[in-house]
Structure formats: C-alpha cells, structure tokens
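Just below is one structure, and these are the notes that go with it.
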Amino acid sequence: MKAVVITTPGGPEVLQLQEVEDPELKDNEVLIKVEATALNRADIFQRKGMYRPLSGSSPYLGLECSGTIEAVGKQVSRWQVGDKVCALLSGGGYAEKVAVPAGQVLLAPPGVSLQDAASFPEVSCTVWSTVFMMNRLSAGETFLVHGGSSGIGTFAIQIAKYLGAKVFVTAGSKEKLAFCKNLGADVCINYKTEDFVARVKEETEGKGVDVILDIIGPEYFRRNLNLDSLSFDGRLFLIGTMGGAVTEIDRRVVLSKRLTIQAVDLRYRSPENKAAIVREVENNVWPAIVAGKVKPVVYKYFPLSEAAEAHRLMESSQHIGKILLLP
C-alpha cells in the first residue's frame with residue numbers, strides 16, 4: 001500500500017508518499033480501506049519528532065479515518081467485510097489501509113458522506129470524554145472553548161449547544177467568530193482585540209464560566225484560573241500545548257474557588273478505555289449527528305500525496321474546522 005512517511009523529523013517537506021508493507025491484522029482488529037483521514041495538531045508534533053507513537057502502533061501519522069472494512073480478525077463479531085465505518089486510531093490514518101482494534105470503530109453516521117465521517121472520531125471522543133464524561137458539563141451551565149474555530153472547537157460548540165449549555169468561544173478573526181456564531185456559540189470573543197477574562201466576567205455578571213476547554217496551554221493557563229474566569233467549583237480541562245508546555249500556578253486561587261484542573265492525552269489511553277469512550281460517543285453523540293444537530297465542518301480536502309501542503313495550511317491557522325486527506 002501507499003502511506004505518508006516521515007523521512008526525518010522536520011518541516012512539512014519531510015512528508016513523502018511511499019510504498020510500504022500492508023498492516024498486519026491481529027485477531028481483535030479490523031482492516032479498513034481508508035476513504036479519508038483528518039489532520040490533528042498531534043500530527044504536527046509527531047512530524048517534528050516531539051510526539052512519539054505508542055509502542056507497537058503504526059509508525060505513520062493519522063489518528064482517525066473513515067472507510068470500508070476489508071477484513072476482520074478471528075475474534076471480531078460485530079463488524080463485517082463491506083461495512084462503512086469510521087475509527088479512532090493510535091496512528092496509521094495517512095495510508096491506503098489501516099488496522100484498528102474493533103472496539104475503536106464506529107458505523108459511519110447516516111446522512112454524512114463517508115469522506116466527511118473521517119472528521120468525527122478524534123474530536124467527538126476527545127470532547128465527549130473530557131467535557132462531558134470527566135467534567136460533567138450539563139444543561140444550563142456555561143462553557144468556554146478556546147480556539148472555537150478549530151476542529152475541536154467547531155465540534156464542541158455544536159454538541160454543547162445540543163445538550164443545553166451556554167457556549168463562549170475565543171477566536172482570532174471576525175470571519176472565525178462569525179462562523180462560530182453560526183454554529184451556535186452565544187458569546188464570541190476576539191482574543192486579539194478583547195480581554196477574554198474581562199468579557200467572561202461581564203457576560204456572567206462576575207460569576208465566571210463552569211467549564212473551560214483549553215487547547216492553547218500556558219499562554220492562557222493563568223488567565224483561565226483568574227478569579228474572574230472560572231466559577232466556584234469550576235472545571236478546567238487542558239488538551240493541548242500550542243502555546244508552550246510550562247507555566248506556573250497559584251494554588252491559593254485553585255483552593256479558594258474549589259477548582260478542578262485536569263488533562264489527558266487520548267492517544268495514550270488503553271485500548272479498553274478508548275473502546276469505552278467510543279461506545280459512549282456512539283450512544284450520546286451519534287444520535288445528534290444523525291438528527292443533523294451536529295454537522296461535519298470540513299475546510300479543505302487534499303490528496304494524500306499533498307500531505308505536506310495540508311500540514312502547511314494547519315500550521316498557518318487560517319482554516320476553520322477540519323482538514324482531510326484522501327488516498
């Protein structure tokens with residue numbers, strides 16, 4: 001098969017489409033002929049040599065895909081050859097075929113093209129597991145997502161609104177904020193021209209929001225913990241380090257407002273844990289997608305041979321939503 005290979009850690013130019021061996025299919029896995037895969041920020045870090053794949057997993061990039069099942073392992077009972085699916089991967093999506101544990105596979109949602117279904121597994125599993133399973137965002141609460149125009153952000157806006165939360169977002173342009181507003185965001189803040197802490201305080205009458213999802217990192221960390229940003233018993237979840245990896249924390253602020261700070265990397269969770277999250281997503285998110293309340297947000301499609309150009313677009317941060325690669 002063909003796959004995108006990192007020839008050496010570095011810039012987008014190190015990505016090359018090459019002939020490689022087909023994946024080996026384990027007894028608990030299915031083999032998917034890839035229809036599409038989606039870019040994630042983790043792919044950028046892995047390309048640079050800063051984010052190692054799990055031991056025993058595919059060396060190739062790609063944390064999600066959609067496609068058609070070509071073969072099933074001996075222990076697999078739910079899935080059959082020919083099923084149209086999408087899947088959460090530990091790697092290997094930038095290829096014509098990928099093997100994945102059967103528990104990490106979802107039926108492609110009706111009403112969504114098989115290509116666009118590739119935009120859902122990583123964002124839905126990330127947002128559902130962090131914002132809802134761990135931080136218990138519920139109807140009537142307030143939710144702030146930084147980077148509202150990202151793949152994570154555009155999905156988080158839709159599912160949070162669907163479940164009855166009031167949604168705040170930050171983004172860096174009028175175009176991106178207008179897009180977030182159209183998706184359902186209630187309060188849209190331009191972080192380049194406004195102080196989001198002051199705006200959150202104003203919009204919540206001094207209370208602060210209940211849950212913050214932060215993909216930025218240290219640049220926003222202390223401001224998220226500012227007494228005006230989170231409410232009493234507020235929850236902050238960190239899922240990215242775009243702004244760096246190191247910061248400081250004033251424990252007095254955390255203690256005084258009984259704040260909860262959590263972080264997790266979905267990729268490094270066990271297959272059993274991933275399977276549990278996938279089933280939660282199937283039960284709670286897929287109905288919203290089927291009903292048309294949560295829609296794929298795809299900015300651009302690239303052929304697999306142009307993975308380097310797709311990476312350049314992602315690093316420019318000019319896109320809104322997901323970027324897909326098509327074998």
Side-chain angles (χ1 to χ4, degrees), residues 1-6 17-38 40 42-43 46 52-110 112-126 128-129 133 264-287 289-290 304 324-327:
M1 70 174 184
K2 291 182 179 179
V4 174
V5 174
I6 302 172
L17 189 63
Q18 298 181 1
E19 288 285 344
V20 301
E21 294 293 326
D22 283 1
E24 292 186 9
L25 184 65
K26 298 176 182 177
D27 288 347
N28 67 335
E29 294 181 333
V30 301
L31 182 67
I32 298 174
K33 181 181 179 182
V34 176
E35 181 80 12
T37 187
N40 288 280
D43 301 341
Q46 185 173 337
R52 287 188 170 187
L54 285 167
S55 176
S57 66
S58 172
Y60 310 121
L61 298 170
L63 298 177
E64 57 192 330
C65 77
S66 62
T68 304
I69 293 180
E70 277 200 345
V72 298
K74 295 177 181 178
Q75 297 175 2
V76 176
S77 58
R78 177 178 180 183
W79 303 109
Q80 298 180 352
V81 172
D83 285 344
K84 306 296 184 182
V85 298
C86 55
L88 179 69
L89 310 175
S90 296
Y94 288 28
E96 293 179 324
K97 300 178 183 180
V98 64
V100 57
Q104 294 169 213
V105 177
L106 290 146
L107 192 66
V112 176
S113 72
L114 187 56
Q115 283 186 355
D116 288 355
S119 68
F120 280 128
E122 178 73 15
V123 294
S124 62
C125 288
T126 297
W128 188 260
S129 64
M133 292 175 67
V264 73
D265 190 314
L266 183 61
R267 185 179 195 177
Y268 294 133
R269 291 189 179 211
S270 69
E272 294 78 15
N273 190 256
K274 289 177 183 176
I277 293 170
V278 165
R279 297 286 76 81
E280 284 278 329
V281 165
E282 183 177 38
N283 292 333
N284 295 285
V285 176
W286 249 228
I289 297 173
V290 173
L304 200 57
L324 299 190
L325 293 175
L326 312 178

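With Val30 as the partner, the side-chain contact (heavy atoms from CB on, under 4.5 Å) test is satisfied by one option alone out of Val100, Val85, Val81, Asp83: Val100.
Looking at Lys274, its side chain never comes within 3.5 Å of a backbone N or O of Leu89 through a donor-acceptor pair. A donor-acceptor pair under 3.5 Å links the side-chain atoms of Arg279 to the main chain of Gly103, judged by distance alone. Of the possible donor and acceptor atoms, one in the side chain of Ser66 sits under 3.5 Å from a partner among the backbone N and O of Leu114. Listed for the Ser57 side chain is no donor-acceptor partner under 3.5 Å among the backbone atoms of Pro53. With hydrogens and angles ignored, the 3.5 Å screen pairs no side-chain donor or acceptor of Asn28 with any backbone N or O of Pro101. Under the 3.5 Å distance criterion, the side-chain polar atoms of Trp79 are matched with a main-chain donor or acceptor of Ala102. Panel note: side chain Gln115, backbone Ala36; no donor-acceptor pair is recorded below 3.5 Å. No donor-acceptor pair closer than 3.5 Å links the side chain of Glu29 to the backbone N or O of Gly73. At least one donor-acceptor pair under 3.5 Å links the side chain of Glu64 to the backbone N or O of Glu122.
Closest approach of Gln104 to Pro271, counting heavy atoms only: OE1-CA, 3.9 Å. Contact record, Val5 with Gln18: CG2-OE1, 3.7 Å, taken as the closest heavy-atom pair. In terms of heavy atoms, Leu61 sits closest to Gln46 at CD2-CD, 3.4 Å. Closest of all the heavy-atom pairs between Leu25 and Ala71 is CD2-CB, 3.8 Å. Listed here is the closest heavy atom pair of Gly92 and Ser58: CA-OG, 3.3 Å. Of all the heavy atoms in Gly91 and Leu63, the pair that sits closest is N-CD2, 4.0 Å.
Separating the SG atom in Cys125 from the CG atom in Leu88 is a distance of 4.5 Å, to the nearest 0.5 Å. Considering CD of Glu282 and OG of Ser124, their distance stands at 11.0 Å, rounded to 0.5 Å.
The side-chain heavy atoms of Arg78 and Val105, taken from C-beta on, include no pair separated by under 4.5 Å. No side-chain heavy atom of Leu106 sits less than 4.5 Å from a side-chain heavy atom of Phe120. Inter-residue side-chain proximity for Asp116 and Leu324 is flagged as met; some heavy-atom pair is nearer than 4.5 Å. The closest side-chain heavy-atom distance from Thr68 to Lys84 is below 4.5 Å. Residues Met1 and Glu19 fail the side-chain proximity criterion, which asks for heavy atoms closer than 4.5 Å. Inter-residue side-chain proximity for Tyr94 and Asp43 is flagged as met; some heavy-atom pair is nearer than 4.5 Å. You'll find the side chain of Ile277 reaches within 4.5 Å of the side chain of Leu266, heavy atoms only.
Scored by the ring pair (Phe, Tyr, Trp, His ring centres under 6.0 Å) test, Trp128 finds Phe132 as partners (sequence neighbours excluded).
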- prompt: Is there a side chain to side chain contact (heavy atoms under 4.5 Å, CB included) between Val4 and Tyr60 once you walk through the steps?
  reply: CA-CA 7 Å; Val4 174; Tyr60 310 121; over 6 Å; no
- request: I would like to know whether Thr37 and Val98 meet side chain to side chain contact (heavy atoms under 4.5 Å, CB included); could you show each step before the answer?
  value: CA-CA 11 Å; Thr37 187; Val98 64; over 6 Å; no
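Enclosure of atom CD in Glu24 is not indicated, since only 12 or fewer non-hydrogen atoms of other residues, nucleotides or ligands lie within 6.0 angstrom.
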